[in-house]
Every structure is written in C-alpha cells, then in structure tokens.
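For reference, the structure is listed below as structure tokens.
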Amino acid sequence: NILLGGRDREIEYLLSQTEMPSISIIQSMSQDESLAFIVACIINESNPYNLSRSIIVDKEETLIQIIEAYSNLIIIAVVENKNHTYAVNNGHTIFYVSDVSESNYSENAIMLTQLDREKFIESLLESGLDREYSNQISRETARNITILRRRLELDFTCPEWTKPKNIRDLVPAILVGQWNESFNADQ
C-alpha cells in the first residue's frame, strides 16, 4: 500500500494501540494523509475484528455521543478538540487525525515519516504505472500524498458540476425550484 511504505515503526505503534484502550494523535503533512494512513493500517491488518469495531467521526457532538453510548471501539476522530481522555474508561481506542499545522499534544502523538522512495515507486508500479513515469512522479511529488493526488488528478473532493465552467447548466435548475406562478415578479 502506497501509504504504508517505509513506515513500519508507525504501523507497529498504531496496531499496538488497538490492543488496549488508549488515545493517540497521528500527525502528517495533511489530515487526509493521517486519516488514510490509519485506515490503511486497520484494513491491511490481519485482525478483522479491529476493522469491525472501527468508526470515523468528524463531528465533536457525534464523538461525545459514541464515547458515552458504546464501548470498546476504535474511533478515528477528525475533530479539533483532542481531549477526550475519559473515552478509555469505556474501553475505546481513539486515533486523532492531525496535520503539521497543529502542535504535538503529548507523548502519544506520532509524526508520520516520509514515505520510502523505493516502496513508493513499487506501489505506483503495482498500480499499473511504468517505471519511468513512477520515478518521475516520485521526484515531482516528493512522495507527498496530497501532491500525488493532485498530480494524478485523483482529488475527487469537488464534483464536476460544482466547477465554474458548469454554472450556466446549474442556473436553470436553480431557477426552476424558485419559480412561483402566484408571485407577481415571476409572472
């Protein structure tokens, strides 16, 4: 997996934290990379039980409700407040998603190392890219996952219909929903 290459120490740490109630902060260049790393570790782990008890939460209120209502979950939290120490009392393991703009919070924070060059290229080869292009991508992106997503045009965060070039197609649909025959200005 492209997110795991050369991060054996971080993988071992993360998986060891799933064996007991704990709180950890996983920090990288971006929150997306931290989140993807945590998910990749859990998916690639040989213990399917951890996958079945894992949940991603991105709202503070939802996180609090889950901590209080359930027990023994692996909670991957994408929230600003990283102080839910009482969660361990319900048997939870919490992985907070963080990026480099946030300061280290405790000794339970781990900064992801840069991806290993050879393993990064190997992952690109396995995905179907040729060696020359994989080497080029490795150099151009500096093995940064956010840059890689943009470079390979894998950034699906913005649907095509929301792009400015498509605004003319949206206007009629918006207006149809606002049309009211009984309103004088619409007649």
Side-chain angles (χ1 to χ4, degrees), residues 1-58 63 73-85 87-88 92-157:
N1 188 314
I2 198 161
L3 294 160
L4 304 178
R7 293 176 167 168
D8 296 337
R9 184 181 63 82
E10 294 90 337
I11 295 167
E12 184 179 327
Y13 170 81
L14 187 139
L15 295 178
S16 72
Q17 294 303 103
T18 65
E19 297 171 6
M20 63 195 154
S22 62
I23 296 177
S24 300
I25 298 171
I26 306 299
Q27 194 172 37
S28 71
M29 294 302 291
S30 71
Q31 283 193 343
D32 286 343
E33 182 177 357
S34 297
L35 174 62
F37 173 79
I38 297 166
V39 171
C41 285
I42 293 170
I43 288 174
N44 286 316
E45 182 189 15
S46 59
N47 181 357
Y49 175 64
N50 281 343
L51 182 58
S52 71
R53 65 187 187 105
S54 296
I55 185 169
I56 300 171
V57 180
D58 64 356
L63 177 59
L73 293 176
I74 296 174
I75 303 170
I76 304 166
V78 188
V79 295
E80 192 169 323
N81 179 10
K82 294 175 174 50
N83 190 21
H84 299 91
T85 55
V88 297
H92 297 301
T93 298
I94 296 185
F95 292 113
Y96 289 111
V97 172
S98 179
D99 63 34
V100 293
S101 69
E102 299 180 66
S103 61
N104 268 343
Y105 297 92
S106 71
E107 67 278 355
N108 292 336
I110 186 163
M111 178 66 180
L112 297 180
T113 57
Q114 185 178 28
L115 294 164
D116 178 79
R117 183 180 186 282
E118 291 306 315
K119 291 182 180 180
F120 183 84
I121 291 171
E122 184 180 310
S123 292
L124 292 174
L125 292 170
E126 288 173 7
S127 71
L129 300 180
D130 65 55
R131 180 161 300 279
E132 183 178 333
Y133 188 55
S134 296
N135 280 313
Q136 178 184 348
I137 292 290
S138 176
R139 283 189 308 276
E140 291 176 358
T141 64
R143 299 183 307 281
N144 179 303
I145 294 300
T146 303
I147 297 171
L148 176 67
R149 286 179 57 196
R150 288 188 198 123
R151 176 70 171 80
L152 296 178
E153 298 177 355
L154 298 174
D155 198 358
F156 302 115
T157 56

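All values below come from the heavy atoms of this structure, side chains included, with hydrogens, waters and symmetry mates left out.
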For residues 114-131, which residue pairs pass the salt bridge (Lys or Arg N to Asp or Glu O under 4.0 Å) check, not counting sequence neighbours? none
Using 0.5 Å steps for rounding, measure from the [atom1] atom of [X] to the [atom2] atom of [Y].
X: Leu35; Y: Ile56; atom1: CG; atom2: CD1; result: 5.0 Å
X: Leu73; Y: Ser52; atom1: CG; atom2: OG; result: 9.5 Å
X: Phe37; Y: Ile26; atom1: CZ; atom2: CD1; result: 6.5 Å
X: Leu51; Y: Glu45; atom1: CG; atom2: CD; result: 9.0 Å
X: Leu115; Y: Ile121; atom1: CG; atom2: CD1; result: 11.5 Å
X: Leu112; Y: Arg9; atom1: CG; atom2: CZ; result: 9.0 Å

So do the side chains of [X] and [Y] get within less than 4.5 Å of each other, counting heavy atoms only?
X: Gln136; Y: Arg151; value: yes
X: Phe95; Y: Ile75; value: no
X: Asn47; Y: Thr18; value: no
X: Asn50; Y: Arg53; value: yes
X: Ile145; Y: Leu3; value: yes

Heavy-atom pair with the smallest gap, counting every atom of [X] and [Y]:
X: Ser24; Y: Tyr13; value: OG-OH, 3.0 Å
X: Leu63; Y: Val79; value: CD2-CG2, 3.8 Å
X: Pro21; Y: Val88; value: CB-O, 3.6 Å
X: Ile25; Y: Ser98; value: CG2-CB, 3.6 Å

Look only at the side chain of [X] and the backbone of [Y], and say whether a donor-acceptor pair between them is shorter than 3.5 Å.
X: Gln27; Y: Asp99; answer: yes
X: Ser28; Y: Ser34; answer: yes
X: Gln17; Y: Thr93; answer: no

Taking salt bridge (charged side-chain N to carboxylate O under 4.0 Å, His left out) as the criterion, tell me which of Arg149, Arg143, Arg7 meets it with Glu33. Arg7
Neighbour count >12 (heavy atoms, 6.0 Å) for atom CD, Gln114: yes
According to side chain to side chain contact (heavy atoms under 4.5 Å, CB included), who are the partners of Ser46, at least two apart in sequence or on a separate chain? none
Using side chain to side chain contact (heavy atoms under 4.5 Å, CB included) as the criterion, list what pairs up with Ser54, not counting sequence neighbours. Ile42, Ile74
Decide side chain to side chain contact (heavy atoms under 4.5 Å, CB included) for Leu148 and Ile2; before the verdict, give the C-alpha distance in whole Å, the side-chain angles of both, and the deciding distance to 0.1 Å. CA-CA 11 Å; Leu148 176 67; Ile2 198 161; 3.6 Å; yes
Reference residue Tyr96; test side-chain hydrogen bond (donor to acceptor under 3.5 Å, both in side chains); the match among Lys82, His84, Glu80: His84
